[in-house]
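Positions are given from 1 along the sequence. The analysis underlying the following values was restricted to heavy atoms, covering all of them including side chains, and did not include hydrogens, waters or symmetry mates.
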Amino acid sequence: MNLFEEIRSVVLTALDQLEAEGLLPAGLDRSNIAVEPPRDAAHGDMASNAAMVLAKPAGKAPRVIAEALAAKLTDDPRIESAEVAGPGFLNLRLEAAVWQGLVGTILASGTGYGRSALGQGRKVNVEFVSANPTGPMHVGHVRGAVVGDALSKLLAFAGWNVTREYYINDGGAQVDVLARSAYERYREANGLSPEIREGLYPGDYLIPVGEELKTRFGDSLIDKPESDWLVQFREIATEMMMVEIREDLRLLGVEMDVYSSEKALYGTGEIEAAIQELRDAGLIYEGVLEPPKGKLPEDWEPREQTLFRSTAHGDDVDRPVMKSDGAWTYFAPDIAYHYNKVKRGFDELIDIFGADHGGYVKRMKAAVSALSGGKVPLDIKLIQLVKLFKNGEPFKMSKRAGTFVTLRDVVEEAGADVTRFIMLTRKNDISLDFDFAKVLEQSKDNPVFYVQYANARVNSVLRKARDAGITVDDAAMAAADLSKLSHPAELALIGKLAEWPRLVEVAARSNEVHRVAFYLYELASEFHGFWNRGNEDVSLRFVQDDVATSQAKIALAQAVGVVIRSGLGILGVQPVEEMR
């Protein structure tokens with residue numbers, strides 16, 4: 001149940017009446033009419049822009065429409081008052097019974113409260129992580145993994161059919177470097193000194209790969225030419241790295257539905273088919289690009305290349321898909337991979353990229369637009385860097401990888417739940433400071449503790465009620481007399497709970513899962529404030545001498561717990577029942 005949508009329907013019905021009476025012309029576009037929380041809670045429970053949206057097309061002053069609309073709205077038994085503010089905004093106050101009834105709705109719905117049919121079952125592919133299979137995942141991958149997984153959970157909650165996908169970049173030169181690095185560990189496993197020359201991967205995570213290669217090949221490939229071992233070593237090392245990457249993702253609570261291989265695109269005709277599709281649309285041509293702006297690189301020279309006319313689909317410049325020597329550019333297999341996703345029947349595509357892929361956004365969107373005839377939208381979320389600190393100082397951890405801090409290091413130090421929540425406390429395109437001391441401290445400044453503490457307090461209310469002999473099972477809560485929830489502070493807390501379904505839809509529409517973390521912190525703050533008021537005003541305490549009053553108040557606490565657990569479920573964080 002989305003109470004804001006319910007009241008929006010009341011507004012639309014009132015507008016129907018104004019049309020029937022001739023005050024408004026028929027057929028006006030109402031799609032931008034909203035009912036939402038007011039910026040200032042003192043102005044009411046909800047606010048609508050209906051009069052402001054309709055004034056110009058209706059040819060009337062917004063206040064004239066607003067005043068007529070307000071008179072209609074107060075006829076509805078759910079609306080206590082409707083006041084016109086400023087140039088024509090409507091501030092609405094709801095009857096207490098509406099808020100009280102919502103508590104019962106939440107308890108009856110459980111963690112299904114807030115679920116939406118917004119996605120209408122549309123198929124969406126969320127590609128995230130997609131780290132090169134050349135080593136364990138590092139801290140930079142953690143944030144993208146959490147954002148992608150939580151966004152997938154959010155979209156599923158809001159009615160989409162979600163596929164989580166990992167694109168294995170196993171078709172480029174980096175996997176040859178991996179094979180050569182593994183060869184040195186293979187030599188080491190056979191008692192020789194490894195030669196980790198510049199350009200190879202130095203991390204000791206490849207020692208087990210070397211041991212596996214020795215087990216399979218003994219010393220038969222020592223001092224053999226690269227052509228004798230490169231392909232086999234590449235495949236074995238990549239496979240072992242992907243096993244480790246899967247284990248790292250599992251530590252973080254991430255499970256992919258599909259793993260797609262870049263290598264599988266080569267030699268199968270998929271790249272050629274995608275480029276031919278663009279060629280048939282008149283979007284592939286032979287040409288020479290303009291020189292890059294600014295200082296020219298020393299190795300730049302004008303040369304004819306095979307180009308994709310990406311400017312026809314919103315890009316700044318056309319992009320090469322084949323080099324002058326006939327080899328594919330890095331962009332070509334990415335075009336083919338996204339064409340593959342389009343052919344698989346996805347209605348929407350989402351890519352979660354590192355911030356260093358910013359230059360790829362427009363060209364990739366142009367390719368998907370061209371290959372889908374503009375029917376499949378692609379949203380690309382760029383993930384900014386994570387900086388590690390401890391007590392405010394840059395924190396250096398054990399670097400098993402040789403050159404970077406691993407995902408496993410972070411999760412083992414902070415825990416998966418804390419790591420996931422903190423990674424979602426900033427919008428994805430803003431850099432994030434991760435201070436190990438702060439994320440583990442028990443204070444209001446630590447959002448994950450603050451939210452978990454609210455859930456623990458809900459559970460403590462239930463324990464105290466049971467100790468006092470008050471029945472708090474589902475049947476008792478369903479039968480509670482919620483009319484006893486009449487204090488303004490209680491109604492304000494319910495008002496915050498009412499925002500949850502709307503928040504889910506807003507976050508899902510914009511693919512901004514951090515909004516869920518923000519909302520949970522605000523709800524926890526509201527709940528803790530309410531709890532603290534009970535220290536001074538005993539009538540606000542959850543457990544009272546009167547059983548019926550206690551049950552109504554406990555139902556409110558349980559409703560808070562339901563929404564917190566639901567939100568934490570989207571974030572992939574386990575709720576805590578008791579703080580230790």
Side-chain angles (χ1 to χ4, degrees), residues 128-150 174 177-178 181 196 198-207 241 244-245 247-254 352-359 381-453 512-514 517-518 520-521 571-573:
F128 58 106
V129 185
S130 298
N132 290 340
T134 54
M137 293 176 61
H138 58 69
V139 66
H141 296 128
V142 177
R143 193 177 184 192
V146 170
V147 170
D149 190 53
Q174 72 278 357
V177 175
L178 173 67
S181 305
I196 312 297
E198 186 175 352
L200 296 184
Y201 300 121
D204 61 12
Y205 63 86
L206 286 175
I207 292 175
M241 288 301 97
E244 182 157 349
I245 285 171
E247 290 175 352
D248 285 350
L249 287 173
R250 207 166 288 121
L251 275 179
L252 201 55
V254 177
I352 312 291
F353 286 167
D356 57 340
H357 284 66
K381 296 295 184 185
L382 297 179
I383 306 296
Q384 284 294 339
L385 298 176
V386 177
K387 300 175 184 177
L388 299 179
F389 295 87
K390 197 162 192 177
N391 295 315
E393 298 294 328
F395 186 45
K396 304 295 184 182
M397 301 175 68
S398 60
K399 293 187 177 180
R400 188 175 70 89
T403 56
F404 52 79
V405 177
T406 67
L407 175 153
R408 187 175 295 263
D409 289 329
V410 175
V411 173
E412 288 179 350
E413 180 80 13
D417 287 336
V418 169
T419 299
R420 288 185 66 111
F421 196 106
I422 296 300
M423 290 293 170
L424 295 165
T425 55
R426 292 288 184 277
K427 191 178 178 182
N428 57 274
D429 58 1
I430 299 174
S431 62
L432 185 146
D433 292 347
F434 192 99
D435 191 312
F436 285 96
K438 289 184 178 180
V439 301
L440 294 174
E441 73 180 15
Q442 297 191 352
S443 76
K444 181 180 178 180
D445 295 330
N446 177 4
V448 63
F449 165 79
Y450 203 53
V451 172
Q452 292 281 31
Y453 187 32
E512 294 182 337
V513 71
H514 67 277
F518 288 7
L520 290 179
Y521 184 83
L571 303 187
V573 175

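The side-chain heavy atoms of Leu407 and Val139, taken from C-beta on, include no pair separated by under 4.5 Å.
Counting only residues at least two apart or on different chains, no salt bridge (Lys or Arg N to Asp or Glu O under 4.0 Å) pair has a member in residues 129-145.
Ring geometry for Phe449 against Tyr453 counts as parallel: the plane angle stays under 30°, on a 0 to 90° scale with 60° as the upper cut.
Under the rule for a side-chain contact (heavy atoms from CB on, under 4.5 Å), the partners of Asp429 that lie at least two apart in sequence or sit in another chain are Lys427. Ser130 meets the side-chain hydrogen bond (donor to acceptor under 3.5 Å, both in side chains) test with Glu127; sequence neighbours excluded. Here Glu247 pairs with nothing under the side-chain hydrogen bond (donor to acceptor under 3.5 Å, both in side chains) rule; sequence neighbours left out. In this view, His514 and Phe518 satisfy the ring pair (Phe, Tyr, Trp, His ring centres under 6.0 Å) rule, not counting sequence neighbours. For Gln174, the side-chain contact (heavy atoms from CB on, under 4.5 Å) test picks out Asn132, Thr134, Asn169, Tyr201, with sequence neighbours left out. Tyr450 is linked by a side-chain contact (heavy atoms from CB on, under 4.5 Å) to Lys444, Tyr521, Ala524, Ser525, His528, counting only residues two or more places apart in sequence or in another chain. Qualifying salt bridge (charged side-chain N to carboxylate O under 4.0 Å, His left out) partners for Lys390, counting only residues two or more places apart in sequence or in other chains: Glu413. Under the ring pair (Phe, Tyr, Trp, His ring centres under 6.0 Å) criterion, Phe128 pairs with no residue, sequence neighbours left out. When the side-chain contact (heavy atoms from CB on, under 4.5 Å) test is applied to Asn391, the partners found at least two apart in sequence or on another chain are Ala437. Every residue two or more places apart in sequence or in another chain that forms a salt bridge (charged side-chain N to carboxylate O under 4.0 Å, His left out) with Lys381 is listed here: Asp379.
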Name each donor-acceptor pair under 3.5 Å that joins a side chain in residues 414-424 to protein atoms two or more places apart or in another chain, with its distance.
from   : atom 1 : to     : atom 2 : distance (Å)
Asp417 : OD1    : Gln574 : N      : 3.2
Thr419 : OG1    : Gly415 : O      : 2.7
Arg420 : NE     : Leu571 : O      : 2.9
Arg420 : NE     : Gly572 : O      : 3.3
Arg420 : NH1    : Asp149 : OD2    : 3.0
Arg420 : NH1    : Leu252 : O      : 2.9
Arg420 : NH2    : Asp149 : OD2    : 2.8
Arg420 : NH2    : Leu571 : O      : 3.1

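Of all heavy-atom pairs spanning Gly135 and Met241, the tightest one is CA-SD, 3.5 Å.
Remark: the backbone N or O of Ile383 is not paired with any side-chain donor or acceptor of Asn428 at under 3.5 angstrom.
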